[in-house]
Structures are given as structure tokens and as C-alpha cells.
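To start, the structure under review is shown below, and the notes come after it.
Only a predicted model underlies this, so the values are computations on that prediction, with no experimental measurement involved. If you read the sequence from its start, that first residue is 1, and numbering goes on from there.
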Amino acid sequence: MPPMADLADYNPTPHVIPEGENATPLEVVGGDCTATEKLIIVMCGLPATGKTHIANRIARYISFFLAMETKIFNVGDYRRDLYGDNLPAEFFDHSNKENLAKRQHACDMALSDVTKFMKQDGVRVGVLDSTNSSRKRRTHIRDKLKALGCKVIVLETICDKEELIEHNIRTMKMNTPGYEDIDQDAALEDFKKQRQNYMDVYETVDERDGSHIKIINNQTFIVHNARGYLPQKVVHFVMNLHTLPRVFYLSRHGQSEYNLLGKIGGDAGLTEAGIEYARRLADFARNEVAMEVKKDEETGEEKRVPRPARLWTSTLRRTKETAQFIKKETISTHKWDNGDEVDWIQFQGRARRNLDELYAGVCDGLTYKEIEEKYPDEFARRQEDKLSYRYPRGESYMDVTLRLETIVFDIERTREPILIVGHQGIHRLLYAYFTGLPRDKAPYVSIPLNTVIELAPNAYGCEEKRYLLLSKEEMMKDGQDEPVTSMPVKDREAAEEIRKSTEIGPRVHSFDPMNPPSF
């Protein structure tokens, strides 16, 4: 032991964590899940009940927020590869033994690939996406997967509301590869016959199928024997999902005083240009976010009618000031899906701490040039790994990912359009999650000022539009260029490629607040 005077610095066997100084929160790299815990999700349900949509959302959530390698094996893709697209409804007639054998072969090919995938090191979750309508088929699948020693959970989707089925057919199934280049009415009739063939032999999931989750009309959930970290994560997530069409809008705050000075972080107010953007955003919110196009059933005429809409901001001053001109009006009674009716207050603001910008710690309020001069080692470390780098006494993108999980759950479950006035770092992660970008690409996504990004997730991806509300020429009347808002990176070429692929391009729509178009 050293003398008493030296005990303050005496630490011969320090606690060293494997991840080093930029330790990532365990929750975003698998939590307390062991490296050997693996899960196979077997989808089950009639066509047009939202199976593929739910399977894709689950896979996206697990891969992005838990960093677990996940893959979907869609039996329909195997069937189309084997026997071609545009198969008639008769192909799905279960009394036809030849076609039944062909469909079984497609299933077995998918199962073979699932088995190979799950045997790999580092692989954690596999999803078998198919109708799996009979107990015999589901028993066959369990028998084939038993040797892997993985947890297997059946996820059944049930939809018995005709209007929801009709919507799912028209918005999802008619856009699948099997119905491309086919007259819509003929495709709809054929699909209904195909669905009836499955209904004729359908057997719902029960305790004989082992661990399972039932989702009924996205309202009722039955969970049987779903134990363990991964199954519980899946249960929690799917209880926030729905298959209805939805849209949300991402907007950075207007230009702040710190933007103009090139400073990061802080809690500054808006510049004159930022105030102007706030006024235009209010017009956009009223005429676009809070409106929808509906067709008159009698005349066929399309009309723009109001719709309930939500507004979220961070707790920081610049986002609240950006939302200050958005009017909060009570519109007609709104009916929740549980039957309750309320007087809806349009854009009733909700300031959310989880949406606050990435905290720069000791670097808060500095320019990147000042960071390079005062903290050259920190500057270099962030260039090496922008995703995991944590500012001293501040946050990393991985830290922010953890607090955005709650936000994503709320977006997934919300039916009404949402306008989210936030920050560059926050919107980069939300954008990457919903558009399918890998998490390590998120820090380089282009989220420009004065632009609203509209995202509409669906079963097969995410549609995107961008609206430029205030041009650079209008904003920079004093001759200044927009300040640098993202620190240089080591692999500049790769980062530039990501930025260009997500920056303003052909998808941008100009928005005239005095003459709003019917988007």
C-alpha cells in the first residue's frame, strides 16, 4: 500500500469496461440478452391481415434499436421464384394435391434458409412470413426448427372487420409483386378467391401451437407463454403497432442565433429568418398537415377536408418558438378506436424531453473550430466514430437512440398525422429508422433547415416527400452562407454519399402558403 497521502490516486486494478470510454448503453446493443439467446418468429394469419407489415416492423425495430442481426424469410417470395408471379387463385386450392405440394416445397426451402441463417454466429432473430394456416403446417415448421434449440413463437394476426380487410387488400396486397401489371378489379377479384381458399382450411392458433401472440384487429392481444428478453420485447412492440395508413412530418427548428454563429447545442432563440420559417411552417401545418383529400362517394369529386393532427416539439426554446404560430383550434368531435369521443384540439402542443438535441456536454455552445482548438483529442475521436462517440459529460448518438425508443413506439401506435419540430441529430435517427437505413449511417443523413420531410411508412417501405418552405436565397439576405452544422468525418467520401442520397432533390415540393396545392 502507498502512503496515505497518495491513496487518492491509488487504483492498481481499475474497472475497465470492454467498450472503452464511449461505452454504448446495453439497451441498444441487446440489453441483458445473452449471445446464445435466439428467437424465430413464425407468422400466421389469413392474407390481408397485416402479417408482412408487422413482420417488417418487428425486424426493423430489433435490428435498429437492439442491434441484433435479423432477417425475414417470406415464403411468397420463394413461391414466386419457383413458380412465377401472377399465380391464379386456383393455385391456392387446398384440394389440389399437386399445387399443395408445390407450396409445401416453397415453405421447406424457406425453412432450410432459416435454419442456415440461425446457425450463424451473431445472428439473433429470424422471421418466417407466411399464412401457415393449418395446425399441420405449423407443427411441421416446429418439428423442422426443433434441432436448432431456438425459442419459437407463433404470431397470429386476425382481422374480422370488413372495412379493415378491404383497406388492407387495396392498399397493401394490390401492390405486391404477384399483382403487378394486372387490372385492379381483376386482381381484387382473384385475391378474394385466393383468400377464401385459405379461409376454407384455416385453423386458429391455440395452446397446442406452443408460445404464441394473437393480434386481433390491432386492438386485442393474447399472449401465451412468451418468456424471455426477446419475446417480451416483441410483445411490447407489437402492442403499439397498427396497419392503418399514417403519415408524420419532420421539421428542424427555424434558424437559431447559434446556427448563425456556427455554435452547437445551447438554448438560443430564433433569428429573423427563423421567425419567418416559423410563420410559413404554421401555414403548412394548417393547409397540409391538418388537411386530407377525400372523394365524395356520390359525385366522385375530390375535396380537401380537415383532419385531426398532432404537434410535438422538444423542450428547447428554438423548437417552441418555431411552433409558436401554429394555431390550436377545437375541431369537430374525434372518435377513438375504442369508441370514446372527445373534442379534438388541433395541434395541441406536446413538449417532449426525449426530442431534445444530442447534448454536447463540455462542448455545448462552442463552434467546431473552437472544439478542435480546445479539445483536439475529442475532435479527432468523434471523427473516428461519430455514432458511438460521447461528448465529455454529454451524449452520443447511441445514447440518443435509447431515449428515442419511446418516441418511435408512440409514432408507431398513433393514427393521426404528427408534426415533429425537432433537431438535426434527432431527426437523423428517426429518418434512418423509418426509411430502413443502417444505424451507423444515421449521423450523416441530410436534414436541412427550412424543409419539412413527410414520411409515410407502409408494409413494403416508406414513402417520402420533402417541402422547401424557405429558400436559401430568401434566408441569406445578409450574404452569409448557412453555417456548418455537422462536424467533419474521417471517411468523408462515404459520409458525403449518404448525405447526397438523403438531401434535397427531385422529391422536393415548393409550398406557397398563399396558394396551397392539393398534395
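Within a 6.0 Å sphere centred on CD of Q232, heavy atoms belonging to other residues, nucleotides or ligands number more than 12. Counting heavy atoms of neighbouring residues, nucleotides and ligands inside a 6.0 Å radius, atom NZ of K328 exceeds 12 of them.
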Yes or no on side chain to side chain contact (heavy atoms under 4.5 Å, CB included) for Y467 and S251, after CA distance, side-chain angles and deciding distance?
CA-CA 10 Å; Y467 303 90; S251 170; over 6 Å; no

Report task. Check the pair Y83, H105 against side chain to side chain contact (heavy atoms under 4.5 Å, CB included), reporting the backbone distance first and the verdict last. Result -> CA-CA 11 Å; Y83 309 114; H105 179 53; 3.5 Å; yes

*Output, in order, the C-alpha distance, side-chain angles, deciding distance and verdict of side chain to side chain contact (heavy atoms under 4.5 Å, CB included) for N450 and L469.*
CA-CA 6 Å; N450 308 320; L469 305 192; 5.6 Å; no

Practice prompt. Apply side chain to side chain contact (heavy atoms under 4.5 Å, CB included) to I62 and K233, showing your working.
Written response: CA-CA 9 Å; I62 292 173; K233 279 288 189 180; over 6 Å; no

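D77 places no side-chain N or O within 3.5 Å of a backbone atom of F73 that could act as its donor or acceptor partner. Distance alone, capped at 3.5 Å, is enough to place a donor-acceptor pair between the K51 side chain and the G45 backbone. S211 places a side-chain N or O within donor-acceptor distance of the main-chain N or O of N225, the cut-off being under 3.5 Å. No donor-acceptor distance shorter than 3.5 angstrom exists from the side chain of K102 to the backbone of L82, with no hydrogens or angles considered.
The closest side-chain heavy-atom distance from L87 to R79 is below 4.5 Å. By the 4.5 Å heavy-atom criterion applied to side chains, S133 and H94 are counted as neighbours. For the pair R466 and E464, the minimum side-chain heavy-atom distance is below 4.5 Å. In this structure, E90 and N96 have side chains that are not in contact, with every pair of non-hydrogen atoms separated by 4.5 Å or more. N458 has its side chain within reach of E463: a pair of non-hydrogen atoms, C-beta onward, lies under 4.5 Å apart. With a 4.5 Å cut-off on side-chain heavy atoms, T319 and S314 count as touching. Between L155 and I58, the closest side-chain pair of non-hydrogen atoms falls below 4.5 Å. In this structure, F92 and T131 have side chains that are not in contact, with every pair of non-hydrogen atoms separated by 4.5 Å or more.
Atom OG1 of T414 is separated from atom CG of N240 by 9.0 Å, given to the nearest 0.5 angstrom. With rounding to the nearest 0.5 Å, the separation of CG in N218 from CG in L244 is 7.0 Å. Between atom CZ of residue R124 and atom OG1 of residue T70 there is a gap of 9.0 Å, rounded to the nearest 0.5 Å. How far CD1 of I54 is from OG1 of T243: 6.5 Å, rounded to the nearest 0.5 Å. Rounded to the nearest 0.5 angstrom, R428 CZ and R252 CZ are separated by 7.5 Å. A distance of 8.5 Å separates CG of L46 from CD of E156, quoted to the nearest 0.5 Å.
Defined by atom type and a distance below 3.5 Å, a donor-acceptor pair is present between the side-chain atoms of D129 and T52.
Listed by chain and number, the residues in a side chain to side chain contact (heavy atoms under 4.5 Å, CB included) with Q120 are F117, V123 (sequence neighbours excluded). With sequence neighbours excluded, no residue forms a ring pair (Phe, Tyr, Trp, His ring centres under 6.0 Å) with Y78. A search for side-chain hydrogen bond (donor to acceptor under 3.5 Å, both in side chains) contacts involving T220 returns nothing, not counting sequence neighbours. In this structure H212 satisfies the ring pair (Phe, Tyr, Trp, His ring centres under 6.0 Å) test together with H224, sequence neighbours excluded. In this structure Y433 satisfies the ring pair (Phe, Tyr, Trp, His ring centres under 6.0 Å) test together with F64, F65, sequence neighbours excluded. The side-chain hydrogen bond (donor to acceptor under 3.5 Å, both in side chains) test applied to Q346 returns W344, not counting sequence neighbours. Contacts of S130 classified as side chain to side chain contact (heavy atoms under 4.5 Å, CB included), with partners at least two apart in sequence or in another chain: V75, N132, R137. Taking D410 as the reference, R352, R413 meet the side-chain hydrogen bond (donor to acceptor under 3.5 Å, both in side chains) condition, with sequence neighbours excluded. Remark: N217 pairs with D160 by the side-chain hydrogen bond (donor to acceptor under 3.5 Å, both in side chains) rule, at least two apart or across chains. Residues passing the side chain to side chain contact (heavy atoms under 4.5 Å, CB included) test with N354 are R403, T406, I407, sequence neighbours excluded. Looking at residues two or more places apart in sequence or on another chain, you find no ring pair (Phe, Tyr, Trp, His ring centres under 6.0 Å) involving H242.
When all heavy atoms of S396 and S388 are compared, the closest pair comes out as CB-O, 3.4 Å. The two residues S95 and D93 come nearest to each other via the heavy atoms OG-OD1, 2.7 Å. Heavy atoms only, all atoms of each residue included: P47 and F191 are closest at CB-CZ, 3.4 Å. Minimum heavy-atom separation, W312 to L355: CB-CD1, 3.9 Å. Between H427 and G422, the closest heavy-atom pair is NE2-N, 3.3 Å. In terms of heavy-atom proximity, C462 sits nearest to T435 at CB-CA, 4.2 Å.
Applying side-chain contact (heavy atoms from CB on, under 4.5 Å) to I158 and the options I215, T49, T204 leaves one that passes, T204. Of the listed residues (I213, I153, V223), just one forms a side-chain contact (heavy atoms from CB on, under 4.5 Å) with V234, and that residue is I213.
Residues E412 and R60 are not paired through a salt bridge, judged by the lack of any N-O separation under 4.0 Å between the basic side chain and the carboxylate. Remark: E416 does not engage R307 in a salt bridge, criterion side-chain N to carboxylate O under 4.0 Å. Checked for salt-bridge contact, E69 and K71 miss the test: no charged N lies under 4.0 Å from a carboxylate O.
Residue pairs satisfying the side-chain hydrogen bond (donor to acceptor under 3.5 Å, both in side chains) criterion with at least one member in residues 138-148, sequence neighbours excluded, are listed as follows: Q104-H140, D108-H140, R138-D209.
The aromatic rings of Y249 and F284 stand perpendicular to each other, their planes meeting at an angle above 60°, with 30° marking the opposite boundary.
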